[in-house]
Amino acid sequence: MPPAVGGWLMASGGSSATYGAKDIQVLEGLDPVRKRPGMYIGSTGLNGLHHLIWEVVDNSVDEAMAGHCTTITVVLHGDGACSVIDDGRGIPVDPYPSGPHKGKSALEVVLTVLHAGGKFGGEGYKVSGGLHGVGVSVVNALSTRLLAEVDRDGSRFRQEFVNGGTPKGGLKKIGPSPGRNRTGTRITFMPDPTIFVAEGTEFVPRTVTDRLQTIAFLNRGVIVQFVDERPGKEQKVTFQYKGGIVDFVKHLNASREALFSKVAHYEASEADQTLDVAIQWNTGYNEGIYGYANGISTVEGGMHVEGFKTALTSVVNKYARAQNLLKEKDDNLTGEDIREGITAVVAVKLREPQFEGQTKAKLGNVSMRSFVQKETNARLEEWMLENPTEANRIVKKAIAAAQARVAAKNARNAVRRKTALAGAGMPDKLKDCTSTDASETELFIVEGDSAGGTAVDARDPRTQAILPIRGKILNVERARLDKMLKNTEIQTLTLAIGGGIGNEEFDATKARYHKIVILADADVDGSHIRTLLLTFFYRQMRPMVDAGYIYIAQPPLYSTEVGKEKIYLKDDAAKARFLADHPHHKKEFQRLKGLGEMDWQELRQTTMDPSSRTLLRVSVEEAAVAEDVMSVLMGDDVESRKKFIQTNARDVRNLDF
Ligand code: 0RA
C-alpha cells in the first residue's frame with residue numbers, strides 16, 4: 001500500500017534507530033493523506049474538495065441504509081466550514097479495552113486512524129464505495145479544524161481536532177442529548193487552504209445539490225437537506241423521494257414525452273448483493289441507462305449494465321416473437337433498437353466493488369453480470385406479460401428504430417462513397433496539421449470562416465489543425481442518425497475526426513486527434529454553438545468525451561493596457577486579481593466579444609499556444625445530471641429550457657455538463 005510506504009520513509013528518517021510503537025503510529029497516522037491527498041480524494045481541485053463532503057455523507061447514508069437514520073443535512077457555513085448532520089446511531093464513543101489504541105475512544109480512532117472506518121459495527125455495517133469509503137479520518141487530515149459532536153447513550157459528546165487531525169483535548173461528555181433519546185452525528189470541518197491550493201476551498205452549491213439529489217433518489221424515503229448559509233448565497237433545499245429510483249426515472253424523463261406513463265420497477269437481493277431497477281421509454285432516440293454501484297455513478301458502465309442490456313434484448317425479442325409482432329422471417333431486434341429512447345436506472349449494492357476503466361467508473365465485479373441478467377430476465381418478462389399495452393408499444397418503437405438503422409447504414413455508406421470519390425477523403429475546409437501522431441495533434445473547431453482564417457495563421461501547423469464551421473450545426477438532440485448524416489457540417493466533422501459516428505460505430509482509437517478544442521465567441525451565439533457541439537460529441541462520439549479528448553478554448557474576456565503593453569484577462573476572476581495587483585490602474589477594460597477582435601499573434605498567445613493558454617477539459621461526472629442538462633437545453637420542451645437558461649444564466653461560462 002503506497003501510503004504506508006510514505007509512513008515508513010518518515011519513520012526510518014527519524015532519529016530513533018529501533019522500530020517501536022511510535023513508528024507504528026507513524027504508519028497508521030494521517031501524514032500520508034496530507035503528503036499525497038490525491039491518492040485518497042482523487043485530486044486537490046474542486047472535485048477533491050467536494051469529496052470531503054461525500055465522504056462524511058456516505059457514512060450517514062450507510063446509517064440510513066442500515067435503517068438507523070432518517071435525515072441527513074449538509075450545511076455550508078458563512079465562515080467556509082461545512083457540517084454534515086445525521087440522526088443515525090452516532091459514532092461509537094466507548095474506549096478501546098486493549099490493542100494499539102487502548103484507552104482511546106472509538107470516535108478518536110475513527111477520526112485519526114487511516115482506514116479505520118470499516119472495522120467497527122461488525123458484520124453487515126459497511127458497504128464501502130470506491131473513491132469514497134476511504135474513511136472520515138481523511139476529511140480530518142485535510143481540514144484545519146474538525147469538530148465531532150455525537151449524541152449517543154443519552155449524552156452529547158464532543159471532540160475537536162486541529163491542523164489536519166491533531167486532537168485538541170480528549171473526548172468530552174458535555175451534557176445530555178436532546179430529549180435524552182436523540183442519537184446522531186454532526187461533523188463540522190474547515191477544509192485546509194494549503195491543501196486545496198489550485199482551486200480554493202469554496203464549495204459549489206450546484207455540485208452539492210446535484211449529488212444530494214442523486215443520493216435522495218437512490219435511497220428511497222431518506223430526507224436529504226442542503227442549507228447554504230453563506231452571505232449572498234442563502235438557500236435551503238430538501239430532497240425526499242418516496243418512490244426512490246422510480247421517481248428518478250420520471251424526473252429524467254420529465255422534459256421529454258414518455259412513451260407511456262408506467263415505470264417498470266423491480267428489486268432483488270441475493271447473498272450480499274442487491275439490485276434496484278426502474279425503466280421507462282420516451283419518444284426520443286437516445287439511450288439513457290444510468291448505472292450506480294453503492295451509490296457511485298458508473299459512467300463507464302460495467303458488469304451490472306452489461307447484464308441488464310443482455311437480458312433486456314433477450315426478453316423483448318422473446319416477447320415480440322411470442323406475440324407474433326416479429327414474424328419468423330424477421331431478424332431479431334438489436335440491443336440498440338430496443339434501447340432507443342430508454343431511460344433506466346440500474347442501481348446495485350455489493351460488498352467489495354471493483355472500479356475499473358479510464359476514470360475508475362466501470363464496475364468490474366463479474367458476479368454482478370449474472371445476477372442482474374438473471375433477475376432482469378425473470379422480472380422484466382413478468383412485467384411485460386402483465387402490461388401488454390406498454391409492452392407492445394416498446395416493441396413497435398424498437399421495430400421503427402430497426403428500420404431507421406437500416407436507413408442510417410445506407411446514408412453512412414453514401415457519405416463514404418462520396419469521400420472515396422473525393423480522393424484523399426479529408427474535407428476541403430480542414431486545414432490539417434502535418435503530424436499524424438494523434439497523441440500530439442489538436443483539432444480546433446472554430447466558429448466562422450474569418451476567425452478560422454486567423455486561427456490558421458496563429459496555429460502551429462505541425463500539431464494544430466483548424467476546421468472552421470459555419471453557422472449552427474444541426475441540433476442532434478432532435479434527430480436520428482440517418483437525418484444527421486445528411487448534414488454537411490456533421491459530415492465534415494465526422495470525416496475530420498476519423499473515428500466514425502454513432503454508438504454502434506464510433507471508435508476513439510481511430511480518432512486522428514486526441515484534443516478536440518471548441519473555439520467559439522464568448523457571446524450568446526458562441527455559447528449556443530458550444531452547446532450544440534458538446535451535445536453532438538456526447539451523443540455521437542461519447543468515447544471521446546469519456547477519454548477526456550474534448551476541450552473548450554478560453555479566449556480572454558477582457559483586455560486593458562499597462563503602459564504600451566496590452567494585457568488580456570481570461571475572466572472576471574482574473575480581472576479582479578489584476579485590479580488587486582494594480583490598485584491604481586486607470587485605463588479602461590475592453591470586453592472582448594468576438595474572436596475577430598484579436599489578430600493572429602494575440603489569438604496564438606492567449607488561446608492557442610500550449611505554453612500560455614488554458615483549456616477547459618469537458619468531463620461527465622454524473623451521467624444522469626448531464627442527461628438532464630442536455631435534454632433541457634436541447635430538447636423539445638421549450639418551457640423547461642427557458643427556465644434552465646434563466647436560473648443558470650450566470651453560470652454559463654462554467655457549463656461543465
Ligand atoms: C463506526 C461504527 C458505527 C457507526 C459509525 C462509525 C458512524 C460514522 C458516521 C459518520 C457520520 N455519521 C456517522 N454515523 C455513524 C456503528 C455504530 C453502532 O454499531 O452503534
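What's counted below: heavy atoms across the whole structure, side chains too, no hydrogens, waters or symmetry copies. Each residue takes its place number in the sequence, starting with 1. Whatever order the structure lists them in is the order used to number ligands and atoms, beginning at 1.
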**Item:** Under-4.0 Å heavy-atom contact with ligand 1, by part of Ala106 that carries it
**Value:**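 Neither part.
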**Item:** Side chain, backbone, both or neither: Ile187 near ligand 1, heavy atoms under 4.0 Å
**Value:** neither
**Request:** For Asp151, enumerate each residue passing the side chain to side chain contact (heavy atoms under 4.5 Å, CB included) test, keeping only those at least two apart in sequence or located in another chain.
**Result:** Arg156, Ser177, Pro178, Arg182
**Request:** Report the residues that fulfil side chain to side chain contact (heavy atoms under 4.5 Å, CB included) with Asp94, sequence neighbours left out, ordered by chain and then residue number.
**Result:** Pro92, Ala106
I'd like to know if [X] contacts ligand 1, where contact means a heavy-atom distance under 4.0 Å to any ligand atom.
X      : answer
Val136 : no
Ile91  : yes
Gly88  : no
Arg152 : yes

**Request:** Among Asp247, Val246, Val345, Val249, find the one that has a side chain to side chain contact (heavy atoms under 4.5 Å, CB included) with Phe217.
**Result:**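 Per the side chain to side chain contact (heavy atoms under 4.5 Å, CB included) rule, the option paired with Phe217 is Asp247, out of Asp247, Val246, Val345, Val249.
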**Request:** Step by step, work out the salt bridge (charged side-chain N to carboxylate O under 4.0 Å, His left out) result for Glu287 and Lys309.
**Result:** CA-CA 11 Å; Glu287 170 182 334; Lys309 286 184 183 174; 3.8 Å; yes
**Asked** Under 4.0 Å from any heavy atom of Ser60, which atoms of ligand 1 are there?
**Response**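 Here the atoms of ligand 1 in question are 11 (C), 12 (N).
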**Prompt:** Atoms of ligand 1 less than 4.0 Å from Glu63 heavy atoms?
**Reply:**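 It comes down to these atoms of ligand 1: 4 (C), 14 (N), 15 (C).
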**Request:** Go through the steps to decide whether Arg220 and Glu267 satisfy the test salt bridge (charged side-chain N to carboxylate O under 4.0 Å, His left out), and finish with yes or no.
**Result:** CA-CA 12 Å; Arg220 185 167 54 219; Glu267 287 176 277; 3.2 Å; yes
**Pairing of Glu300 and Lys360 as salt bridge, 4.0 angstrom limit** =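 Salt bridge: no.
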**Asked** Do the charged groups of Lys233 and Asp228 touch, with an N to O distance under 4.0 Å?
**Response**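 Salt bridge: no.
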**Asked** Are any of the N/O atoms in Asn59 less than 3.5 Å from those in ligand 1?
**Response**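 Between Asn59 and ligand 1 (N or O atoms, distance only) the closest approach is not under 3.5 Å.
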**Item:** Best match, His68, Arg186, Arg89, Glu55: closest heavy atom to atom 16 (C) of ligand 1
**Value:** Arg89
